[in-house]
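Here the structure is laid out as structure tokens; the discussion comes afterwards.
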Amino acid sequence: MTGPTITVDLRRIEQNARVLVEASNAKGIEVAGVSKSTCGSPKVARAMVRGGVAQIADSRLDNLARIRRDGITVPLMLIRAPSLNEIDDTIRYADISLNSELTTIVALGRAALTRGVIHDIVLMIDLGDLREGILPAEALDVVAEILPIEGIRLIGIGANLACVGGIQPTVDNLSNLVYIADEITKRFSIELPIVSGGNTFSLPLLETGTMPEGINHLRLGASIVLAESPTPPGLYELLNSDAFTLTADIIEAKVKPSRPYGVSGEDAFGRRPVFDNEDKPSRRLILSIGREDISPEGLTPIDPRLKVMSASSDHLLVDAGETGDEYRLGGTVDFTIDYGALLMAMTSPYVEKRYVLGTEPIDANATVELIDLETTGLASHLLDHGLREDMSGIGFSCIQAENAAADLTTLPLWLATEAWQNTRIPIATEPGTDLGAIIFASHGDIEQLLSSAADLHGPSLENTVLVGVKNATVDHKRALDEYGVLLVTIDEIDRHGMAALMPRVLAAAGQGVNGVHVHFDMDIIDGRVLGVDDTTHLGGLTFREAHLAAEFISETGLTRSISIGSVAAADSDPLGRQATFVDGLVASLLGRKVVKA
Ligand SMILES: *Cc1c(COP(=O)(O)O)cnc(C)c1O
């Protein structure tokens with residue numbers, strides 16, 4: 001079942017981040033990418049990081065926790081002051097927090113010491129908008145009290161404007177922030193690496209070249225995700241305002257009068273609607289989305305002939321009078337959305353989130369580089385037992401290598417006699433590339449993933465899937481869930497079949513990343529397939545299941561690197577039986593169809 005869907009084009013967000021980062025860097029300004037409008041989506045955060053932001057910032061700890069668990073490595077910044085109940089989690093999930101209360105800062109210092117870390121803070125100064133911040137006149141006194149607090153490092157000051165008082169950032173008030181920073185650095189002989197001059201509302205100063213020198217940091221959200229006003233015209237021109245598309249289903253399409261009939265009173269929201277006196281019957285659509293999911297005022301139909309009329313909790317009415325019967329029952333309507341509607345759609349559990357990132361498949365004639373992770377001679381064993389021929393049969397040349405970087409012309413194939421959790425796969429993708437992972441293994445829990453993940457490829461854990469795990473407990477599953485890792489057990493494969501499960505596996509691993517790493521542990525295969533006389537390997541995947549999964553993966557064109565674990569050492573595979581199986585599996589992963597007998 002799919003209902004309304006929000007499609008997030010990560011390439012457009014990445015481009016927006018890059019445009020804003022470049023424009024800011026040109027003026028000596030770093031950018032924190034603010035992810036709060038997307039509920040701290042790690043995919044959106046990663047797109048911003050690819051675009052060059054220096055930190056990821058969010059107002060909610062839950063969101064930062066989600067991003068941190070996913071494995072993002074840039075510093076995370078909490079931009080709403082923590083409550084006294086959130087002190088410990090702030091130290092855990094944020095590297096930097098914006099603060100304005102001494103008591104909170106003291107508590108943060110204590111918690112940081114307990115954890116044995118130093119927590120960085122940015123002291124917020126109120127420049128007139130009267131939301132967070134100490135008053136400018138108190139700055140030196142407050143800093144004098146902060147500096148001796150152990151566990152805390154004051155790395156900057158900042159200001160937020162235009163959010164509640166409507167006070168705009170100006171040359172005057174931001175110069176005042178720079179002045180205060182100078183006073184602090186002089187008086188206390190410290191460095192203040194961050195002087196954070198606000199949010200999207202500060203961009204007009206950047207564009208007109210009037211940003212006071214000394215402002216070296218901005219926290220940008222609405223401009224990166226939607227080029228939302230007040231993004232100034234020159235930058236707006238370079239930005240995508242359509243990174244998000246909301247799509248809803250048509251559940252009624254009829255010609256109806258333009259005026260309601262019957263006894264008139266209040267509507268469902270206590271308002272008294274007014275209508276033109278002239279009655280012009282017109283074609284109108286009802287879409288299955290409503291105020292529970294979005295604010296209708298924030299939706300703009302992509303087809304300019306359509307107009308949003310009104311909405312109740314679950315129904316959105318659209319005037320389709322200018323489109324004949326083009327829009328029909330069963331069809332859909334697409335909208336661009338504004339910041340308010342985006343916040344609602346992202347938080348609504350009824351709106352499905354879909355992430356797209358135009359993926360480039362590897363070159364058709366890429367080189368497969370075989371790398372032994374141990375000194376077991378597996379690479380040469382495979383090359384001697386048919387892998388070179390199998391690969392050249394589908395257009396890939398095959399060489400042995402010491403190490404390899406996954407790019408579009410090289411596909412690393414790591415080989416190990418150990419299972420995945422005992423191997424260290426030093427995947428290095430090109431900078432600015434994010435991968436998911438599909439791991440076929442009979443064992444797997446979150447601790448193993450966390451300890452191997454760092455080497456596996458700095459992967460997105462929300463894009464990691466474990467397939468084929470035996471004896472998984474409810475606790476296992478829950479722990480993996482918390483990190484967004486999908487677990488597909490061998491029982492589920494038995495029950496539903498590989499073909500039914502693979503679409504979900506591929507969506508989880510491949511959505512919104514540049515490609516996937518595929519790992520396959522040989523001991524997941526039913527021992528009978530390989531003629532291994534070993535009863536511990538019974539009840540695993542069959543030959544057909546393994547190849548079917550590999551073919552599904554190959555059809556997506558997502559594979560960027562492969563590793564095969566628990567391969568029998570070359571000298572215990574004299575007949576090359578296992579080698580033949582591995583060759584066939586790799587060939588299936590890279591696009592050869594298994595002949596259906
Ligand atoms: C939300 C927020 C931002 C980002 O604001 P945008 O207008 O979306 O760029 C920056 N700083 C703080 C403190 C915020 O709460």
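As the structure is a computational prediction, the values presented were derived from the model and not from experiment. Ligands are counted one by one from 1 in listed order, and the atoms in each one are counted from 1 as well.
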Using side chain to side chain donor-acceptor pair (under 3.5 Å) as the criterion, list what pairs up with Thr200, not counting sequence neighbours.
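For Thr200, the residues satisfying side chain to side chain donor-acceptor pair (under 3.5 Å) (neighbours in sequence not counted) are Ser223.
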Just to verify, what does Arg187 make a side chain to side chain donor-acceptor pair (under 3.5 Å) with, not counting sequence neighbours?
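Testing Arg187 for side chain to side chain donor-acceptor pair (under 3.5 Å), a comparison that skips the adjacent residues, returns none.
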Under the salt bridge (charged side-chain N to carboxylate O under 4.0 Å, His left out) test, which residues partner Asp249, sequence neighbours left out?
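By the salt bridge (charged side-chain N to carboxylate O under 4.0 Å, His left out) rule, Asp249 matches no residue at all.
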Tell me, which residues have any heavy atom less than 4.0 Å from some atom of ligand 1?
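Under the 4.0 Å cut-off, ligand 1 touches Val34, Lys36, Ile79, Arg131, Glu132, Asn160, Asn199, Thr200, Arg219, Leu220, Gly221, Ala222, Tyr339.
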Keeping the roles fixed (side chain from Asp129, backbone from Arg131), state whether a donor-acceptor pair exists under 3.5 Å.
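Checking the backbone N and O of Arg131 against the side chain of Asp129, no donor-acceptor pair under 3.5 Å is found.
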Looking only at side-chain N and O atoms, does Asn99 offer a donor or acceptor that is under 3.5 Å from a partner on Ser97?
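Asn99 and Ser97 do have a side-chain donor-acceptor pair below 3.5 Å.
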Thinking salt bridges, do Arg153 and Asp120 make one under a 4.0 Å N-O criterion?
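Yes, Arg153 and Asp120 are salt-bridged.
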